[in-house]
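In what follows, a single structure is set out as structure tokens and then discussed.
Quick note on labels: first sequence line is chain A, next is B, and so on, each numbered from 1. In what follows, every heavy atom counts, from backbone to side chain, and hydrogens, waters and symmetry copies are set aside.
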There are 2 protein chains.
Amino acid sequence: MQKKVQKKIRARRAPTETDVAKLAGVSQSAVSRAFTPGASVAKATREKILKAAQKIGYQTNLMARSLATSRSNIVALAISNLENPFYAQVVKELSERLRDTGRHILLFTTKIDGTADPELERVLSYQVDALILTATTASIELTDQCQKNGIPIVQINRESKISGISTVRGENQKAAEQIAQFLIAGGHKNFAFIGGTKDSNTSQIRQHAFASHLKSLGFPQVQIAFGDYSFEGAAAATRQILNSKKPVDAIFCASDYMAFAALDVVRREFGLKVPQDISIVGVDDVPEASHSAYDLTTYSQPAASLAEEAIKIIDQQIAHPGRRAMRREVRGELILRGSARLPDNSIFTIDGKKVWRS
Amino acid sequence: MQKKVQKKIRARRAPTETDVAKLAGVSQSAVSRAFTPGASVAKATREKILKAAQKIGYQTNLMARSLATSRSNIVALAISNLENPFYAQVVKELSERLRDTGRHILLFTTKIDGTADPELERVLSYQVDALILTATTASIELTDQCQKNGIPIVQINRESKISGISTVRGENQKAAEQIAQFLIAGGHKNFAFIGGTKDSNTSQIRQHAFASHLKSLGFPQVQIAFGDYSFEGAAAATRQILNSKKPVDAIFCASDYMAFAALDVVRREFGLKVPQDISIVGVDDVPEASHSAYDLTTYSQPAASLAEEAIKIIDQQIAHPGRRAMRREVRGELILRGSARLPDNSIFTIDGKKVWRS
DNA sequence: TCATTCTTTGCATACGCATGCAATAGAGGT
DNA sequence: ACCTCTATTGCATGCGTATGCAAAGAATGA
């Protein structure tokens, strides 16, 4: 029995606080405290510990920490529509801001505008600190579960009737009304609206505000089609509108991404001049909207602000668990570019951008 | 002392296996086994347990599971360039595939092509099962740490000289050579290349293959500029090229996203006709490349395949921890659209797409 | 019927960190 | 010099799940 069984060296266990403690000649709890901001450790001890930790490459095991504290510093982010650059931007903004506060994103991609995947119900398994939904809505069951466990939910760019859900959105109502007025002021007579999915409440709000505002100004007829927030869908919707017998000289699209599709179809398939023959207006002001290939007139919805507000809400909800859901509206502007005929008045230049304010 | 202190009801603790066990009249370990595929539980017991779990809404606590098993079912994904639709697509593909195998993505956004953020070094804290880098490269320190802990690293679309890192990429060399031949066959005489960042090895490979292939075919002069993989950067690079005294009638861009910028500048700022006056070719074949506003000729790099291969590698590395890093090349095609003049020959139609094969 | 093998179950413990509590050491005051 | 108070430390335990081991039960074969 001289030969002892050799220990597995294969996947060397990551160093733990106990290892650090041994090396530094202190207890494991001292090490834990050294890595807990605000905990009670003498300065000298702390430094000794940090040095030892450094030496053996210790990294806090966040799984263990989460288990012990039941907080993970992870935020779940569900997103349905990453091919739309607007949401890519939102993800990026959220990611950077959360990173700066030491948190990370657990990413879920879901189907477009379906109420959040059953998949999402598993987020709770990860003890996430919060749940952000962009372009999706939470089911009632999910909301219930989250509320029971004190996990705040924020929806970006979608309304909610459920009382436990906070929302952050752009000026849906105002955007649609401004665009209606703007198009009328520009001399347009025949209007169409391309919505997202039929059950997207954001799209519904815009559609209703657009149609009823037009009506109140003497234009009761608006053609409606749905592009399902996809490029191909919006292209089809555009064809449908242009192929109908009714005249059209202005289309308002519920997103820039769909407006790009409309521009493509209008120009290439129908040979129309923009904006002479027809005007196209979007919502979002994604970076591509300013690219000259599109040069899209659009009502802005600043992704950075949406992200910022969403995180503010989360933080407040975490700090004050009792507090009820919050609703925030982020302001935008009607940014004027080449895809829509201009009225004679109410045009301002702000920060080098032409905007329209009724 | 009649009045007992009321228990906090506020944030009701999530049910645990112990709770389920109590309700089902079994031990906690039985419950654990009921949720572990392949574990030894009688069918009847299992069903009893599942019913009880269902009833009180039990969800496995993945933090605890990770701690116990030291596997998290989380894959870290670092991405530098989400505004480029190509990477948005890659993220989406990865996300869907990982979801289907019960894993999730921990998302890190980093600066463009810097070697991975120091931030990334913390991924180890999350006990992630693997690390995927898209459009970024891992530092040697990070690689070391990952190797010690048996965490496989895969880089998508970036080479690596470090032996521990697996890579998945498109046909960088071949793409550049084919494009060189294609442009020459199309009668172009004066070439330019717009690269990404100077230290992107993918860009370097394409640049070198393009230039040296052109040279070997009798065209030793190629103008080079860098767009840093950004839209604005590529626009500036295009201006620089067109403002130089040298004639140019073909620009090869290291990504579609940059090619879009080139098209914008060439058409609008310089009033050139594409492809009559100048041809633009990209790499990636993002969805936007087929939109008629751009209609870009490009060498494809299928995001779905890249994602698939990356995950295959990860799975193999996890299954066989000893195995050395792997390199995969995913095939593409030179897809012909309207942004480049066509040669007379070697044009094929495959799946409804026009392609060019030397 | 009894011995043997296989299946199912519970017990006990480990995973790595956080934290209440008690113990100790040091600081300050008189 | 003695007492009080505070800052620092270690001990012990808990967080929720997984798993080796042994016990108990069921099934099989002779």
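- Between the side chain of A:S166 and the backbone N or O of A:R327 there is no donor-acceptor pair closer than 3.5 Å.
- Here A:S32 reaches the OP1 or OP2 of C:dA18: one of its side-chain N or O atoms lies under 4.0 Å away.
- Side-chain proximity of A:T69 to the nucleotides C:dA18, D:dT17, D:dT19 is greatest for C:dA18.
- Side-chain atoms of B:S29 come within donor-acceptor range of the base of C:dC11, with a qualifying N/O pair under 3.5 Å.
- The CZ-P distance, from A:R71 to C:dC17, rounds to 18 Å in whole Å.
- The interatomic distance linking A:Q28 (CD) with D:dC11 (P) rounds to 11 Å, in whole Å.
- The interatomic distance linking A:F35 (CZ) with C:dG16 (P) rounds to 15 Å, in whole Å.
- If B:L67 and B:A30 are placed on DNA chain D by their nearest nucleotide, the residue sitting closer to the 5' end is B:L67.
- One can place CG of A:L62 at 13 Å from C1' of C:dA18, the figure rounded to the nearest angstrom.
- For A:A68, the side-chain atoms get nearest to D:dG14 when compared with the rest of C:dA12, C:dG10, D:dG14.
- If you take CD of A:Q127 and P of D:dG16, they are 8 Å apart, rounded to a whole angstrom.
- The pair A:K55-A:D19 does not meet the salt-bridge criterion, since no charged nitrogen lies less than 4.0 angstrom from a carboxylate oxygen.
- A close approach under 4.0 Å does not occur between any side-chain nitrogen or oxygen of B:Y126 and OP1 or OP2 of C:dG16.
- The base of C:dA18 does not come close enough to the side chain of A:E17 for any donor and acceptor atom to sit less than 3.5 Å apart.
- With hydrogens and angles ignored, a donor-acceptor pair closer than 3.5 Å exists between the side chain of A:R33 and the base of C:dG20.
- Looking at residues 37-48 of chain A, you'll see that no heavy atom sits under 4.0 Å from any atom of DNA chain C.
- Following rounding to the nearest Å, A:N73 (CG) and C:dA18 (C1') show an atom-to-atom distance of 14 Å.
- Between A:E93 and A:R97 a salt bridge is recorded (basic side-chain N to carboxylate O distance below 4.0 Å).
- Using bins of under 30°, 30° to 60° and over 60° for the plane-to-plane angle, the ring pair A:Y126/B:H104 lands in the perpendicular bin.
- Put simply, CE on A:M63 is 16 Å from P on D:dG16, counting in whole angstrom units.
- Between the side chain of A:N149 and the backbone N or O of A:I151, no donor-acceptor pair lies under 3.5 Å.
- Among the protein residues, B:V31 comes within range of no part of the nucleic acid, since none of its heavy atoms lies under 4.0 Å from any strand.
- Looking at A:N157, its side chain never comes within 3.5 Å of a backbone N or O of A:A135 through a donor-acceptor pair.
- Remark: the backbone N or O of B:V91 is not paired with any side-chain donor or acceptor of B:S95 at under 3.5 angstrom.
- Atoms CZ (B:R65) and P (C:dG16) sit 18 Å apart, rounded to a whole Å.
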